[in-house]
Amino acid sequence: MIDIKFLRDNPDVVRASQKGRGENVEIVDQIIAADERKRAALTEFETLRQEQNVLSKSVGAAKGDEKTALLANAKELADKVKAADTKRAELEEEAKKLLLQLSNLLDTEAPIGGEEDFVTLEHVGTPRDFAKDGFEPRDHVELGKLLGAIDTERGAKVAGSRSYYLTGVGALLEFALVNYAIQSALKNGFSPVIPPVLVNPAAMEGTGFLGQAAENVYRIEKDDVYLVGTSEVPLAAMHMDEILPAEKLPLRYAGYSTCFRREAGTYGKDTRGIIRVHQFDKVEMFSFCKPEDAKEEHQRLLQWEKEFLTAMEIPFRVIDVASGDLGSSAVRKFDIEAWIPTQGAYREVTSTSNCTEFQARRLNIRYKDADGTKAIATLNGTLVAIPRMIVAILENHQNADGTVNVPAALQPFLGMKKFELV
RNA sequence: GGAGGACUCGCAUAGCGGCCGAGUGCACCGGUCUUGAAAACCGGCAAGGGAAACCUUCGUGGGUUCAAAUCCCACGUCCUCCGCCA
């Protein structure tokens with residue numbers, strides 16, 4: 001949710017942002033009109049309410065005939081107050097509903113355009129030349145089978161498409177990745193968190209996942225709860241309706257959780273292997289900071305993501321995601337894409353978004369310093385999403401015989417230097 | 001799942017349907033005193049809207065009433081006991 005006062009004063013800026021995202025521009029004027037109606041109704045209600053408060057007090061003090069007369073008046077006024085209050089509530093609801101549909105204001109530095117219009121910021125590492133090594137790389141499905149690490153066939157049998165088992169060294173690799181990730185996060189000042197993955201509508205709504213992204217969310221109708229697609233949701237909602245002291249900022253959490261995604265509308269996309277699955281585990285970084293520090297914090301999150309990929313010895317590039325491809329909460333988003341040899345392409349493995357005060361306003365999270373109480377800024381970034389990282393590691397570090405070398409950083413966590421064939 | 005009890009300003013608590021947006025203690029902030037600190041004393045101290053008057057918020061949502069923290073209903077959360085269970 002953006003600041004309604006900002007919208008009143010700068011409607012052009014908001015219109016431009018909506019346009020840049022390829023979203024509804026007219027809604028800005030609808031919101032302004034609804035806001036005016038709402039405020040008029042509020043003033044009317046408050047005036048009547050004040051009268052009623054005064055009158056009610058005099059009723060309490062009055063006696064006899066005087067009291068009877070006052071009561072008649074009061075009764076009439078009470079009806080008016082009730083009507084005005086109903087109208088106020090309706091108009092407030094309407095204005096809020098419209099405001100919630102509005103996406104966050106674009107960062108002026110974010111590239112404008114659709115999915116294809118990203119800007120590549122840098123390349124780190126060089127894709128390996130398998131021809132020079134004298135063999136054709138196997139894809140992660142094949143390697144996973146050879147190593148006894150990934151079983152997609154039984155995954156499909158038991159749970160349907162886009163499901164899989166991590167077995168043997170595959171399971172061990174997940175533990176190693178998680179442990180390494182948590183250890184680096186601790187070093188960087190994060191508090192480790194294992195959050196609930198089943199959350200209520202307020203948490204889902206507040207983080208902005210029930211808008212355009214709603215079709216990708218699993219809902220347990222019977223109990224009115226949702227399965228989260230990322231621990232961003234429970235981490236952001238953790239401080240819902242709270243006021244944080246300024247001296248505790250930035251507040252950084254590293255959340256480890258399972259993530260559930262329906263992957264609706266991705267038929268035929270990445271059907272092979274574990275690039276796109278319904279369930280996976282992820283270590284997510286989440287920061288609460290002062291709005292003026294958000295840009296710097298965003299760079300820090302990106303830096304930590306880069307360090308992780310570098311430690312995994314995987315070539316990658318960093319892209320500045322274009323306006324039309326940002327989530328509704330983000331003002332700017334950087335993706336890291338790892339080189340996937342068998343696809344001859346860079347594929348997204350992590351992503352970091354600056355949501356400024358957008359989520360915090362929806363979740364009613366503020367911070368307090370000497371100047372008063374203000375909305376806080378929230379940012380999130382993937383430290384490691386397990387399946388995609390497994391894909392990148394297996395494919396990039398494979399040998400001609402199908403064995404896979406373990407990156408040095410993970411060796412202490414795995415107790416082995418190489419994944420052998422089973 | 002069943003039976004009881006509770007939910008008030010950071011924490012703890014007071015609160016006869018009107019004098020309660022709400023007292024007290026602790027914590028916190030400012031001041032006096034002190035070489036400094038502690039203690040003592042004085043003042044401040046929930047949030048939102050509004051230029052202000054003022055309005056809203058006593059778990060949430062409804063209802064009764066001229067008037068609700070206070071009465072009624074539903075839901076939520078927590079606690080105790082019973083049952084079941086990883």
Side-chain angles (χ1 to χ4, degrees), chain A residues 1-9 31-100 194-206 219-226 234 237-249 251 257-258 288 290-291 357-376:
Chain A
M1 186 161 64
I2 73 162
D3 185 358
I4 183 69
K5 280 188 209 159
F6 180 88
L7 186 145
R8 272 178 215 147
D9 297 342
I31 291 171
I32 291 172
D35 179 55
E36 276 167 15
R37 283 197 298 274
K38 180 197 91 174
R39 286 191 291 158
L42 181 63
T43 308
E44 187 174 347
F45 163 72
E46 286 187 353
T47 310
L48 286 168
R49 186 59 152 168
Q50 187 187 352
E51 263 182 68
Q52 188 188 28
N53 285 344
V54 172
L55 189 55
S56 276
K57 262 185 193 146
S58 62
V59 169
K63 293 243 160 40
D65 288 348
E66 190 193 352
K67 185 160 184 167
T68 329
L70 284 173
L71 274 177
N73 267 340
K75 177 99 182 159
E76 195 183 323
L77 189 54
D79 290 339
K80 277 196 208 160
V81 168
K82 198 166 271 184
D85 192 32
T86 306
K87 190 172 169 200
R88 175 203 58 83
E90 278 168 11
L91 292 174
E92 262 176 23
E93 175 98 358
E94 185 191 316
K96 177 133 195 214
K97 217 170 133 192
L98 283 169
L99 191 59
L100 281 172
I194 297 177
V197 293
L198 223 39
V199 302
N200 63 27
M204 216 65 191
E205 177 83 58
R219 178 170 180 219
I220 316 281
E221 209 166 329
K222 197 175 172 192
D223 299 293
D224 200 20
V225 288
Y226 295 88
M238 199 167 165
H239 292 297
M240 183 159 57
D241 296 321
E242 290 181 25
I243 298 172
L244 304 171
E247 59 272 20
K248 277 176 84 176
L249 304 178
L251 194 56
S257 86
T258 302
F288 295 91
K290 294 182 190 174
E357 301 104 296
F358 188 82
Q359 283 180 330
R361 266 194 214 98
R362 297 169 72 118
L363 290 164
N364 191 27
I365 306 173
R366 292 162 291 171
Y367 77 100
K368 190 178 194 169
D369 64 12
D371 302 332
T373 316
K374 289 157 282 187
I376 208 165

**Prompt:** Checking salt bridge (Lys or Arg N to Asp or Glu O under 4.0 Å) for the pair Asp9(A)/Lys5(A): CA distance, chi angles, key distance, verdict?
**Reply:** CA-CA 6 Å; Asp9(A) 297 342; Lys5(A) 280 188 209 159; over 6 Å; no
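G43(B) and C29(B) make up a base pair, with Watson-Crick or G-U wobble contacts both under 3.5 Å. Base pairing of U80(B) is made with A3(B), judged by Watson-Crick or G-U wobble geometry with both donor-acceptor distances under 3.5 Å. With a 3.5 Å ceiling on both atom-pair distances, A52(B) lacks any Watson-Crick or G-U wobble partner. Base pairing of C75(B) is made with G59(B), judged by Watson-Crick or G-U wobble geometry with both donor-acceptor distances under 3.5 Å.
One atom, CD of Glu93(A), and another, P of G61(B), lie 12 Å apart when rounded to the nearest Å.
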Every protein N/O lying under 3.5 Å from an N/O of nucleotides 54-56 of chain B:
from	atom 1	to	atom 2	distance (Å)
C55(B)	OP1	Asn53(A)	ND2	2.9
U56(B)	OP1	Arg49(A)	NE	2.4
U56(B)	OP1	Arg49(A)	NH2	3.4

Between protein and nucleotides 50-52 of chain B, what N or O pairs are separated by less than 3.5 Å?
none

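Contact between the side-chain N/O atoms of Lys374(A) and the OP1/OP2 oxygens of A47(B) is not found at any separation under 4.0 Å. For Lys38(A) and G49(B), the shortest distance from a side-chain N or O to OP1 or OP2 is not below 4.0 Å.
Within 4.0 Å (heavy atoms only), Glu76(A) reaches no atom of the nucleic acid at all.
Atom C1' of A22(B) sits at a distance of 25 Å from the matching atom of G76(B), rounded to the whole Å.
Among residues two or more places apart in sequence or in another chain, the side-chain hydrogen bond (donor to acceptor under 3.5 Å, both in side chains) test is passed with Thr258(A) by Asp281(A).
Using modelled atom types and a 3.5 Å distance limit, the side chains of Gln52(A) and Arg49(A) yield a donor-acceptor pair.
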